[in-house]
Chemist: 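Okay, handing you the structure first.
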Amino acid sequence: MLAVLRAWKPDCVLIECPEDAGPALPLAAWPAMAPPVALLLYDPADYREATHLPLAAFSPEWLALRYALFHQIPCRPMDLPFGARFRQDDAGSSAGESDPFALLAAQMGYTDSERWWDYYFEQGQGPEDMFDTLGNLMAALRPHDAYTKSQENRLREAWMRRVIRRSVADGFQRIAVVTGAFHVPALRAWKEEEPSDESLLRSMTIRPVQSTWVPWTYGQLALSSGYGAGMISPAWYDILYEHSDAAPEHWMVRCGTLLRHKGVEVPPSSVADAVEMARSLAVVRQMTRPGLDELEEAALAVLARGDAQWLLPIREELRTGDRMGKVAPEVPLTPLQADFEKQLKSARLSRARHTPGRIRQELDLRKPTNRNASILLHRLLLLDIPWGTLQSAGELAKGSFREQWRLEWKAGFTIRMPECGAWGLTIEEAAARYALREKEGPPDPGALARRLLMAVRAGLPGTAKALARRLQDDTAGHVGVWPLADSLSPLIQVARYGESYSEALPDLNPLLDHLVPRVLIGLPQASLSLGKEELSSFSGRVRQLLADLRQYGQSTWTLLFWQQVLPLIDSDQIAPFAHGFLSRFACEEGELDPSELAVIIRLQLNALRTPSRTAEWTAGLLSGSEQLLIRQSTLWETLAIWVEKLPEASFRQVLPILRKGFAVFSEQGRRHIAHWVKKKATEAQPEASLPLELTLTPTQTGLLLPALQRYLRRS
């Protein structure tokens with residue numbers, strides 16, 4: 001494109017974008033503008049009437065616009081004003097245009113129109129021949145395309161011809177028209193069609209439209225939405241634009257780097273071999289250079305050693321990419337930013353927005369203003385703008401109508417706000433769409449359920465229903481017990497107290513009736529095969545699971561919970577830490593008598609068991625709180641006798657494990673235990689009524705008491 005413009009040296013450039021985008025075009029000259037960006041056109045009276053014109057660094061419209069601005073050449077938008085297009089009764093968005101290239105590519109055996117275009121035009125003929133060939137091709141295809149005769153297309157092409165005529169009338173001699181190939185045959189008749197064009201356009205009504213620039217992403221550029229057509233491989237065309245003939249080498253280097261980051265061994269020599277294979281494939285297929293298909297096939301064969309699992313991440317990274325553009329700070333506020341300012345005033349949070357540092361905000365949800373503030377803060381959380389942190393999320397489970405927030409505005413949120421404009425023109429619309437986005441990786445029911453809860457709190461019942469359907473689909477297959485268990489708490493909160501926020505909520509009871517039995521039935525087996533990470537969160541998850549079941553209000557599930565858990569206490573196959581915790585937990589909940597717990601403790605502290613295993617079991621027993629030690633003096637004495645019996649080497653081995661168990665106690669609890677230990681150390685120790693006669697050596701005494709006092713007091 002740039003080569004053609006430099007050779008042609010136009011005195012006027014016309015680009016295919018809506019006429020009412022003209023005021024925003026000069027802003028593209030600012031150095032801070034970094035594609036991909038999008039021209040946003042919207043009705044200031046109704047933000048729902050809007051469209052985006054996405055542009056990448058290699059987009060012909062962007063290149064022509066920047067060329068004209070740099071050379072101070074008039075650059076005019078030539079397409080039908082958006083203010084007229086969205087008012088036409090039968091006019092659809094240009095995203096609905098048919099793609100004659102896609103049909104032609106399919107007939108010739110190509111997977112998509114981009115592969116066909118790359119082969120026949122990017123690698124084939126020179127620019128002049130290409131323009132003539134495309135014009136003739138479109139002249140043959142247009143009569144068979146339904147969009148050609150649509151009212152929208154007739155208005156658009158009539159307006160384009162009018163702009164060409166006006167530019168000629170203004171005295172321009174060398175006019176460059178940058179438009180889609182589809183319109184070329186119609187624009188060639190710009191002289192002959194003047195009477196019919198003016199007659200068609202005379203009855204048209206144009207409403208006022210505003211325009212600005214917003215950041216865009218390659219992921220969104222790959223979607224066929226908004227004003228511009230979708231692009232399947234923006235990341236590849238970016239490399240092709242930047243490096244031209246050296247694009248295969250740059251692409252393969254990035255592919256090798258990607259695979260190395262994912263743990264695949266890729267020697268530097270393999271990258272060169274893969275490029276050579278791609279070029280050989282291109283020769284076999286009569287191409288002047290490798291295309292994306294050839295590069296992917298070579299990378300899969302050489303770098304990934306034929307492992308097809310790497311094809312998806314390669315395509316995500318090197319076809320689509322994750323680049324996000326930037327706009328200049330001077331760009332006018334987007335509708336999303338304007339809506340945010342409006343919502344701030346409605347929620348009376350404007351002062352909090354401009355207050356530096358952390359502030360606390362208490363909201364009574366029964367008051368409309370506070371209700372609006374809560375909805376706004378939750379919608380911002382859905383948009384990954386954590387201005388507010390909910391300090392008392394658990395109050396919802398108690399049916400409270402009050403929320404405690406900690407607010408702190410950070411500079412990064414100002415940058416994030418216009419980025420969210422790609423998801424919608426209002427905070428409500430953007431939050432709803434962003435919440436429904438697909439995330440990479442395996443299904444995560446817990447994260448999805450938490451998003452559902454946030455959608456309910458954000459006053460988005462429609463989004464909550466869609467997330468509930470997705471959660472039901474994700475959990476229909478094989479999902480582990482712990483991910484399913486993580487989803488129960490948010491779902492139960494919605495089922496029990498969601499009406500505090502909205503009445504039009506999804507009915508989650510059938511989903512819960514399906515998930516809860518799956519979790520409880522799979523709990524014993526999951527408890528027998530705990531990984532290191534799962535073991536660290538085991539006690540918290542089990543406590544939360546029982547609390548969730550009680551909150552759900554069905555005693556049947558609570559009874560089934562204990563039917564599954566209690567047999568684990570009689571098993572030696574479970575991890576020592578988990579066994580110790582379950583023993584303590586069952587006693588706390590009244591499912592295990594203290595005398596039964598004492599028997600279990602004596603069995604677990606048996607001298608025949610290894611010290612490390614016993615220490616792990618003890619750490620599980622102590623996890624949670626210090627009250628068990630404070631209230632059960634027999635337990636303390638039993639532990640003390642076991643420690644006294646340990647050889648010095650074993651004591652040093654288990655000390656870090658015991659220290660970790662005591663570290664979770666509260667400061668007041670540690671102080672209480674330390675005082676009790678000190679008191680016991682100065683008193684005569686009565687003989688313990690235990691089946692074993694144990695004594696404490698002077699060396700062990702010198703090690704034990706100072707160590708306990710030091711660590712329990714945090715000194």
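Numbers here simply count residues along the sequence, with the first being 1.
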Chemist: Within the structure provided, determine whether Ser167 and Leu14 are in side-chain contact (heavy-atom separation under 4.5 Å).
Modeler: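 When only atoms from C-beta onward are counted, Leu14 and Ser167 do touch, with a gap below 4.5 Å.
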Chemist: More than 12 heavy atoms of other residues, nucleotides or ligands under 6.0 Å from CZ of Arg360: yes or no?
Modeler: no
Chemist: Between atom CG of Leu377 and atom CD1 of Ile385, what is the distance when rounded to the nearest 0.5 Å?
Modeler: 11.5 Å
Chemist: Any non-hydrogen side-chain atom of Trp405 less than 4.5 Å from a side-chain atom of Gln391?
Modeler: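 Trp405 does not reach Gln391 side chain to side chain.
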Chemist: Is the backbone of Met78 close enough, under 3.5 Å, to the side chain of Glu16 for a donor and an acceptor to pair up by distance?
Modeler: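 Judged by distance alone, no pair lies under 3.5 Å.
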Chemist: Kindly say whether Leu200 contributes a backbone atom to a donor-acceptor pair with the side chain of Arg154 at under 3.5 angstrom?
Modeler: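 Side chain of Arg154 to backbone of Leu200: no pair is present.
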Chemist: Within this structure, what is the OG1-CD distance for the pair Thr463 and Glu428, rounded to the nearest 0.5 Å?
Modeler: 8.5 Å
Chemist: Determine whether a donor-acceptor pair (N or O, by modelled atom type, separation under 3.5 Å) exists between the side chain of Thr212 and the backbone of Leu40.
Modeler: no
Chemist: How far apart are the C-alpha atoms of Asp238 and Tyr218, what are their side-chain angles, what is the distance that settles it, and do they pass the side-chain contact (heavy atoms from CB on, under 4.5 Å) test?
Modeler: CA-CA 10 Å; Asp238 183 81; Tyr218 275 174; 2.8 Å; yes
Chemist: Where does the angle between the aromatic ring planes of His52 and Trp216 fall among parallel (under 30°), tilted (30 to 60°) and perpendicular (over 60°)?
Modeler: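 Judged by the thresholds at 30° and 60°, the geometry between His52 and Trp216 is tilted.
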Chemist: Do Cys17 and Leu41 have side-chain heavy atoms sitting under 4.5 Å apart?
Modeler: no
Chemist: I'd like to know if the side chain of Glu157 pairs up with that of Trp159 as donor and acceptor (distance under 3.5 Å, no hydrogens or angles considered).
Modeler: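 The criterion, which ignores hydrogens and geometry beyond distance, is not satisfied for Trp159 and Glu157.
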Chemist: Could you list the residues that satisfy side-chain hydrogen bond (donor to acceptor under 3.5 Å, both in side chains) with Asp170, not counting sequence neighbours?
Modeler: Arg76
Chemist: From the options Arg202, Arg161, Arg156, select the one residue that forms a salt bridge (charged side-chain N to carboxylate O under 4.0 Å, His left out) with Asp197.
Modeler: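 Only match with Asp197 under salt bridge (charged side-chain N to carboxylate O under 4.0 Å, His left out): Arg161.
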Chemist: Between Met138 and Ala181, which heavy-atom pair has the shortest distance, and what is it?
Modeler: CG-O, 3.0 Å
Chemist: Indicate yes or no for a side-chain donor-acceptor contact from Asp20 to the backbone of Gly83 under 3.5 Å, with no hydrogens or angles considered.
Modeler: yes
Chemist: Rounded to the nearest 0.5 Å, what's the gap from OG1 on Thr179 to CD on Glu61? Could you check?
Modeler: 8.0 Å
Chemist: Please confirm whether the backbone N or O of Asp145 pairs with a side-chain atom of Thr148, one donor and one acceptor, at under 3.5 Å?
Modeler: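 Side chain of Thr148 to backbone of Asp145: a pair is present.
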Chemist: Only counting residues at least two apart or in another chain, list the ones meeting ring pair (Phe, Tyr, Trp, His ring centres under 6.0 Å) with Trp387.
Modeler: Trp409
Chemist: Quick one, Glu296 and Arg319 - any side-chain contact, counting heavy atoms below 4.5 Å?
Modeler: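 Yes, close enough: below the 4.5 Å cut-off.
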Chemist: Determine whether Met33 and Val331 make a side-chain contact, defined as any pair of heavy atoms from C-beta on separated by less than 4.5 Å.
Modeler: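 Yes, side chains in contact.
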Chemist: Taking the six-membered ring of Trp8 as reference, does the cationic atom of Arg174 (NZ for Lys, CZ for Arg) lie under 6.0 Å from its centre and within 45° of its axis?
Modeler: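 Checked: cation-pi criterion met.
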Chemist: Is the closest basic N to carboxylate O distance between Arg323 and Glu317 below 4.0 Å?
Modeler: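 Salt bridge absent between Arg323 and Glu317.
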Chemist: Going from CZ on Arg254 to CG on Leu318, what distance comes out if it is rounded to the nearest 0.5 angstrom?
Modeler: 7.5 Å
Chemist: Pair Phe340, Arg353 - check side-chain contact (heavy atoms from CB on, under 4.5 Å), show working.
Modeler: CA-CA 11 Å; Phe340 173 63; Arg353 156 70 176 83; 4.2 Å; yes
Chemist: Angle class for the His243/His250 ring planes (parallel below 30°, perpendicular above 60°, tilted otherwise)?
Modeler: parallel
Chemist: Using every non-hydrogen atom in the two residues, find where Ala455 and Leu467 come nearest and quote the distance to one decimal.
Modeler: CB-CD1, 4.2 Å
Chemist: Between Glu249 and Trp251, does the side chain to side chain donor-acceptor pair (under 3.5 Å) criterion hold? Intermediate values first, please.
Modeler: CA-CA 5 Å; Glu249 286 79 4; Trp251 187 95; over 6 Å; no
Chemist: Check for a donor-acceptor pair, side chain of Thr334 on one end and backbone N or O of Gln337 on the other, with a separation under 3.5 Å.
Modeler: yes
Chemist: Using only atom types and a distance under 3.5 Å, with no angle test, would you say the side chain of Arg379 pairs donor to acceptor with the backbone of Ala458?
Modeler: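 Yes, because the side chain of Arg379 sits within donor-acceptor range (under 3.5 Å) of the backbone of Ala458.
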Chemist: Are the side chains of Arg437 and Arg451 in touch, meaning some heavy atoms are under 4.5 Å apart?
Modeler: yes
Chemist: Under 3.5 Å, side chain of Asp11 to main-chain N/O of Gln173, donor-acceptor pair present?
Modeler: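 Yes: the side chain of Asp11 pairs with the backbone of Gln173.
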Chemist: Is there side-chain contact between Glu362 and Glu403, with at least one heavy-atom pair below 4.5 Å?
Modeler: no
Chemist: Please give me the minimum heavy-atom distance between Lys326 and Val37, naming the atom from each residue.
Modeler: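 That closest heavy-atom pairing would be O-CG1, 3.5 Å.
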Chemist: Can you name the nearest heavy-atom pair linking Val13 to Ala64, along with the distance?
Modeler: CG1-CB, 4.0 Å
Chemist: Check whether any side-chain N or O of Asp339 sits under 3.5 Å from a backbone N or O of Ile427 as a donor-acceptor pair, and report yes or no.
Modeler: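 Between the backbone of Ile427 and the side chain of Asp339 there is a qualifying donor-acceptor contact (under 3.5 Å).
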Chemist: Begin from the C-alpha positions of Glu429 and Leu425 and carry the test side-chain contact (heavy atoms from CB on, under 4.5 Å) through to its verdict.
Modeler: CA-CA 7 Å; Glu429 180 185 10; Leu425 301 179; 4.0 Å; yes
Chemist: For the backbone of Trp62 and the side chain of Ser59, can you confirm whether one donor and one acceptor N or O come within less than 3.5 Å of each other?
Modeler: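 Not at all, since once roles are kept as given, no pair shorter than 3.5 Å links the two residues.
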Chemist: Restricting to non-hydrogen atoms, name the atom on Ile314 and the atom on Leu258 that form the minimum distance, rounded to 0.1 Å.
Modeler: CA-CD2, 3.9 Å
Chemist: So do Leu390 and Arg457 actually touch side chain to side chain, heavy atoms under 4.5 Å?
Modeler: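 They are in contact (side-chain heavy atoms under 4.5 Å apart), so the answer is yes.
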Chemist: Show the nearest heavy-atom pair for residues Leu381 and Pro386, with the distance to one decimal.
Modeler: CD2-CA, 3.7 Å
Chemist: What's the separation between atom CG in Asn370 and atom CG in Leu363, rounded to the nearest 0.5 Å?
Modeler: 5.0 Å
Chemist: Given side-chain contact (heavy atoms from CB on, under 4.5 Å), test Phe82 with Arg207 step by step and report yes or no.
Modeler: CA-CA 8 Å; Phe82 180 65; Arg207 295 294 185 91; over 6 Å; no
Chemist: Can you tell me how far CD1 of Ile15 sits from CG of Asp79, rounded to the nearest 0.5 angstrom?
Modeler: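 Taking CG in Asp79 and CD1 in Ile15, the distance rounds to 10.0 Å.
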Chemist: Within 45° of the axis and under 6.0 Å from the centre of the six-membered ring of Tyr434, does NZ or CZ of Arg416 qualify?
Modeler: yes
Chemist: Apply the test salt bridge (charged side-chain N to carboxylate O under 4.0 Å, His left out) to residues Glu294 and Arg289: give CA-CA distance (whole Å), side-chain angles for both, the deciding distance (0.1 Å), then the verdict.
Modeler: CA-CA 9 Å; Glu294 290 71 35; Arg289 66 162 181 265; over 6 Å; no
